[in-house]
Amino acid sequence: MMINSISVKDFNLQHTLECGQFFRFVKHNGWYYIGHRNKLFKVKQKGNRLLYSNITETFLKRFFNLDFDYDRIFKKTRNKHISKARNQFKGLRLIKQDPWECLISYVCSANNNIPKIKKMIAQLCKEFGRKVKLDEVIMYSFPAPGKLNSKNKIKNCVYTGVKTKSILEINKKMNSSRLNQLKKQSYQTALNKLTQLYGVGPKIANCVMLFSLDFLEAVPVDIHMKKVLVKKYSLVDACDTRLTSKAMNCFGKYGGIFQQYLFYQQRIKDKD
DNA sequence: TGCCAGGTCAACT
DNA sequence: AGTTGACATGGC
């Protein structure tokens with residue numbers, strides 16, 4: 001298989017993949033093998049070169065958001081916590097995920113840790129997707145909208161009845177084109193439509209909007225971000241929706257990007 | 001053993 | 001409108 005490469009700047013592959021935004025990848029022989037929709041490709045970073053195989057350069061640039069100017073965004077904020085997190089994880093970029101895959105993935109994320117989220121998604125792909133192979137690595141394509149229609153099989157993958165119900169309902173009511181239409185709506189409209197889905201609250205909706213629908217102002221507030229908001233910004237609220245609004249007011253137009261740096265920093269801190 | 005994880009919903013007051 | 005408990009599992 002042919003290996004290609006491009007020059008990258010302000011990009012760190014490890015931070016980008018391991019910061020907790022994205023779940024379908026494995027490390028093998030120094031490469032990251034990445035599954036997305038029906039694709040399986042591999043990438044590896046050597047300094048300012050990004051090596052890749054089994055995808056086009058166009059796809060790679062779009063997926064890793066490589067043409068987006070992060071310096072410009074971070075220059076606008078004088079917040080010391082954000083600047084510090086940026087220095088610590090320079091090169092972390094938000095991945096442009098497929099909206100359908102992102103929505104189902106984050107429904108799995110509720111009240112779970114990241115290794116288990118990865119496992120549940122991998123099980124859904126194995127049960128409902130098609131086998132794809134690259135080198136010695138075998139993965140499975142992400143089940144297309146409409147395919148997630150067997151209650152028992154879903155439950156074997158995600159364990160809980162609540163998540164099974166949620167995935168069944170989303171599979172029936174939602175699809176890629178409806179999700180893509182939300183990109184044109186206002187933040188509030190898109191949020192309302194997503195949170196109408198069973199199992200999708202403000203946190204998951206903000207993840208889907210930030211990671212797949214281009215709402216860079218969306219700030220998902222989970223357990224880690226709550227700690228950050230209290231300790232560093234003195235923001236507290238018993239109501240998640242109000243706390244999210246406060247955080248978004250505080251962080252501004254690109255708040256979701258800043259959030260990802262702060263989230264990763266806090267998550268690493270909690271581990272040790 | 002007990003607590004927690006990229007939360008959400010239903011059932012209370 | 002605000003608060004509380006259930007949810008299934010694995011890792012520490």
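Computed from a prediction, not measured in an experiment: that's the story for all the values here. Below, read A as the first sequence line, B as the second, and so on, with proteins coming before strands; counting in each chain starts at 1.
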Next item on the list: Identify, between A:Pro115 and A:Asn111, the residue whose nearest nucleotide on DNA chain C lies closer to the 5' end.
Entry: A:Asn111
Across the strands shown, which category fits [X] at heavy-atom distances under 4.0 angstrom: base, sugar-phosphate, nothing?
X        : answer
A:Phe211 : base
A:Val158 : nothing
A:Gly201 : sugar-phosphate
A:Gln260 : base
A:Pro202 : sugar-phosphate
A:Tyr198 : sugar-phosphate

Next item on the list: Take A:Asp222 and A:Lys165, find for each the nucleotide of DNA chain B with the closest heavy atom, and name the residue whose nucleotide sits nearer the 5' end.
Entry: A:Asp222
Check: With nearest nucleotides of DNA chain B determined for A:Cys207 and A:Leu197 from heavy-atom distances, which residue corresponds to the more 5′ nucleotide?
Finding: A:Cys207
Check: A:Phe25 ring centre to A:Lys118 NZ or CZ under 6.0 Å, with the angle to the axis within 45°?
Finding: yes
Margin query: Check for me whether A:Lys165 meets the cation-pi criterion with A:Tyr198, that is, NZ or CZ under 6.0 Å from the six-membered ring centre and within 45 degrees of the ring axis.
Written below: yes
Ring-plane angle category for [X] and [Y], please: parallel below 30°, perpendicular beyond 60°, tilted otherwise.
X       : Y       : result
A:His36 : A:Phe59 : tilted
A:Phe63 : A:Phe41 : perpendicular
A:Phe11 : A:Phe64 : tilted

Margin query: Of the options C:dA8, C:dG2, B:dG7, whose atoms approach the side-chain atoms of A:Lys116 most closely?
Written below: C:dA8
Item checked: Of the listed nucleotides C:dA8, B:dG6, B:dG7, the one nearest the side chain of A:Thr160 -> C:dA8
Distance check needed: [N] [atom2] versus [X] [atom1], whole Å only.
X        : N     : atom1 : atom2 : answer
A:Lys163 : B:dG7 : NZ    : P     : 9 Å
A:Ile95  : B:dG6 : CD1   : P     : 17 Å
A:Asp270 : B:dC3 : CG    : P     : 18 Å
A:Lys226 : B:dT8 : NZ    : P     : 9 Å
A:Glu169 : B:dC9 : CD    : C1'   : 12 Å
A:Lys227 : B:dA5 : NZ    : P     : 6 Å
A:Gln123 : C:dA8 : CD    : C1'   : 13 Å
A:Ile104 : B:dG7 : CD1   : C1'   : 16 Å

Next item on the list: Examine B:dA5: is either OP1 or OP2 under 4.0 Å from a nitrogen or oxygen in the side chain of A:Arg267? Give yes or no.
Entry: no
Checklist line | N/O donor-acceptor pair under 3.5 Å between A:Lys253 side chain and A:Ile73 backbone | finding: no
Note to self: Distance check, P atoms only: B:dA11 and C:dA8, in whole angstrom units.
What the structure shows: 15 Å
Notebook entry, point to check: When the P atoms of B:dG6 and C:dT3 are considered, how many whole Å apart are they?
Noted result: 25 Å
Checklist line | Verify stack between A:Tyr106 ring and B:dG6 base, 5.5 Å, 30 degrees | finding: no
